[in-house]
2 protein chains.
Amino acid sequence: MNQSRSNLKDAYSLILEAIDVGVYKPGDRLVESDLAERFGVSRTPIREALQRLETQSLLERDGRSLIVASLDHNQMAELYVVRRELEGLAASLAARHATVEEIRVLKDMVAEDDALVDKPSDLAKANRRFHEQIHLASHNRYLVQQLNLVHRSMALMATTSLAAEGRGEIAQAEHKRIVAAIEARDEEAAGQALKDHISVAFMTRLKQDAGTRGKS
Amino acid sequence: MNQSRSNLKDAYSLILEAIDVGVYKPGDRLVESDLAERFGVSRTPIREALQRLETQSLLERDGRSLIVASLDHNQMAELYVVRRELEGLAASLAARHATVEEIRVLKDMVAEDDALVDKPSDLAKANRRFHEQIHLASHNRYLVQQLNLVHRSMALMATTSLAAEGRGEIAQAEHKRIVAAIEARDEEAAGQALKDHISVAFMTRLKQDAGTRGKS
DNA sequence: GCCGGTGATATTGTCTCCAAACTGCCGGGA
DNA sequence: TCCCGGCAGTTTGGAGACAATATCACCGGC
């Protein structure tokens with residue numbers, strides 16, 4: 001029916017998830033009273049959630065009202081530049097600071113993900129977890145926070161680049177190289193490997209976009 | 001007398017400024033009704049502002065209530081690591097993307113700031129403007145946003161490192177080197193110069209802190 | 001004398017109402 | 001026919017009331 005009474009999560013998570021899942025797409029207008037009704041709460045918590053999402057650039061103002069932010073080509077490029085640098089830093093720091101247990105978890109993850117190589121949506125989820133694990137292994141809370149922001153904005157891009165033909169295998173190979181560098185405590189190599197990984201992902205996305213241009 | 005009617009700014013800016021100025025210090029508890037009374041508004045805008053500040057890590061939860069976040073040594077170190085990387089990236093991008101007008105403004109700023117070399121508080125303000133100009137010259141809105149976050153957290157550190165003996169002159173020299181690299185369109189050198197600049201600033205702060213430890 | 005329970009109080013979280021602003025529509029006049 | 005102004009509806013921003021809950025102190029029992 002509706003989720004009025006059912007859900008225990010707060011308005012913020014609910015809206016975030018709705019955007020993630022695609023209930024609200026870039027450009028859609030978010031009306032407070034609609035959301036309030038949909039989630040079975042009053043406008044107050046909705047407003048707070050919307051403001052938080054706005055400060056994270058997931059929503060933007062169009063006049064007085066809020067719409068789901070959309071990323072044009074330039075914004076996507078800018079976002080990848082920042083992401084590349086931050087992820088690279090995370091890998092370098094992980095090479096320095098990760099515990100042996102954390103490294104072990106990374107290795108296990110990569111090994112398990114080999115089985116998912118042909119299931120883009122599962123792989124995408126596993127991929128998020130993998131990167132998040134690297135972030136955490138950096139043991140730098142500000143870096144983790146900033147990367148969370150970046151990844152949240154990435155949710156505004158419709159497709160995952162892992163859906164591209166053969167991208168799964170390549171990404172797995174890249175992941176292995178990254179983990180190997182971290183395990184070897186080679187900060188330089190780890191940072192570079194992750195930067196390269198992001199660059200390839202970006203290029204993959206660019207090619208995808210070039211193919212689907214003008215649809216919408 | 002009070003700022004009840006006087007101030008046109010919104011609650012968010014007001015609270016932010018109060019933290020900046022030091023009305024509220026790290027560890028202080030922020031009570032919604034107090035703030036509402038102090039600024040002559042109701043609790044609603046206060047709550048929205050507090051939530052935004054919380055998502056930016058300027059406030060943290062202590063049980064149910066919000067307190068001004070404080071940075072211990074580790075957090076400070078982590079923050080500087082991130083800042084160094086992001087500022088370095090900003091300088092590199094500025095070297096690539098800055099317009100001639102922007103570069104001109106940077107040069108003017110540095111030249112003007114020579115006169116402030118012995119006024120730490122004026123210099124601190126000029127310093128912020130200088131760095132912000134570099135951020136903007138990167139022409140990357142996400143980078144600007146992330147650097148804003150970082151600088152906001154830096155406000156939680158009580159002192160400016162520019163107050164240290166002789167730091168003003170050194171910083172000016174470093175600024176000149178940075179601008180020169182940007183003007184020469186040398187991305188590598190610009191990034192490195194700014195990273196070095198941040199490193200020196202961090203070291204300066206560490207020395208300051210070592211001297212004042214245990215006061216409070 | 002100390003520990004635990006219980007009640008008062010302070011503070012947050014939510015809701016609802018009200019005012020102001022913007023939108024778009026409709027009608028009148030040039 | 002087209003443009004301008006006003007009017008109604010929608011939506012946001014703000015205020016204060018109300019409910020829920022955590023905290024703290026006090027009191028009684030062990």
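Reminder, nothing fancy here: chain letters follow the sequence lines and each chain counts from 1. These numbers were taken from a predicted model, which means no experiment stands behind them.
Remark: P of dC15(C) and CG of Asp10(A) are 13 Å apart, rounded to the nearest angstrom. In this structure, CG of Leu14(A) is placed 12 Å from P of dT14(C), rounded to the nearest angstrom. Look at CG on Leu35(A): it is 14 Å from P on dC15(C), rounded to the nearest Å. Regarding Asp34(B), its CG atom lies at a distance of 11 Å from the C1' atom of dA10(C), rounded to whole Å. Following rounding to the nearest Å, Phe39(B) (CZ) and dG14(D) (P) show an atom-to-atom distance of 15 Å. If you take CD of Glu48(B) and P of dG14(D), they are 7 Å apart, rounded to a whole angstrom. Rounding to whole angstrom units, CG of residue Leu66(A) and P of dC22(C) are separated by 15 Å. Rounded to whole Å, atom P of dT11(C) lies 15 Å from atom CD1 of Ile67(B).
Residue pairs meeting the ring pair (Phe, Tyr, Trp, His ring centres under 6.0 Å) criterion with at least one partner in residues 113-133 of chain B, sequence neighbours excluded, are Phe130(B)-His175(B), His131(B)-His175(B), His131(B)-His197(B). Sorted by first then second residue, the ring pair (Phe, Tyr, Trp, His ring centres under 6.0 Å) pairs that include residues 144-164 of chain A, not counting sequence neighbours, are His135(A)-His151(A).
Residues from residues 55-62 of chain A lying near DNA chain D, meaning a heavy-atom separation below 4.0 Å, are Arg61(A) in numerical order.
The base of dA22(D) does not come close enough to the side chain of Arg64(B) for any donor and acceptor atom to sit less than 3.5 Å apart. Counting distance only, with no hydrogens placed and no angle test, the side-chain atoms of Arg43(A) and the base atoms of dG14(D) include no donor-acceptor pair under 3.5 Å. Checked by distance alone, Arg47(B) brings no side-chain donor or acceptor within 3.5 Å of a matching partner on the base of dG14(D).
Close to dC15(C), at under 4.0 Å from its OP1 or OP2, lies a side-chain N or O of Ser42(A).
The aromatic rings of His139(B) and His97(B) sit perpendicular, their planes meeting at an angle over 60°, well past the 30° parallel limit.
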inquiry  = For Tyr142(B) and Leu86(A): C-alpha separation, side-chain torsions, deciding distance, then whether side chain to side chain contact (heavy atoms under 4.5 Å, CB included) applies.
reply    = CA-CA 12 Å; Tyr142(B) 296 100; Leu86(A) 288 176; over 6 Å; no
inquiry  = side chain to side chain contact (heavy atoms under 4.5 Å, CB included), that's the test. Do Phe39(B) and Ile46(B) meet it? Break it down for me.
reply    = CA-CA 9 Å; Phe39(B) 296 126; Ile46(B) 298 290; 4.0 Å; yes
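Contact annotation for Leu30(B): backbone-only contact, meaning every heavy-atom pair under 4.0 Å involves sugar-phosphate atoms and none involves a base.
In the set dC15(C), dA15(D), dG13(C), dA15(D) carries the atom at the smallest distance from any side-chain atom of Val41(B). Considering only the side chain of Thr44(A), dT16(C) comes nearest among dT16(C), dT11(D), dG14(D).
Between the side chains of Ser57(A) and Gln145(B), at least one donor-acceptor pair of N or O atoms lies under 3.5 Å. Between Asp62(A) and Ser65(A), the side chains place no donor N or O within less than 3.5 Å of an acceptor N or O (distance only, hydrogens not considered).
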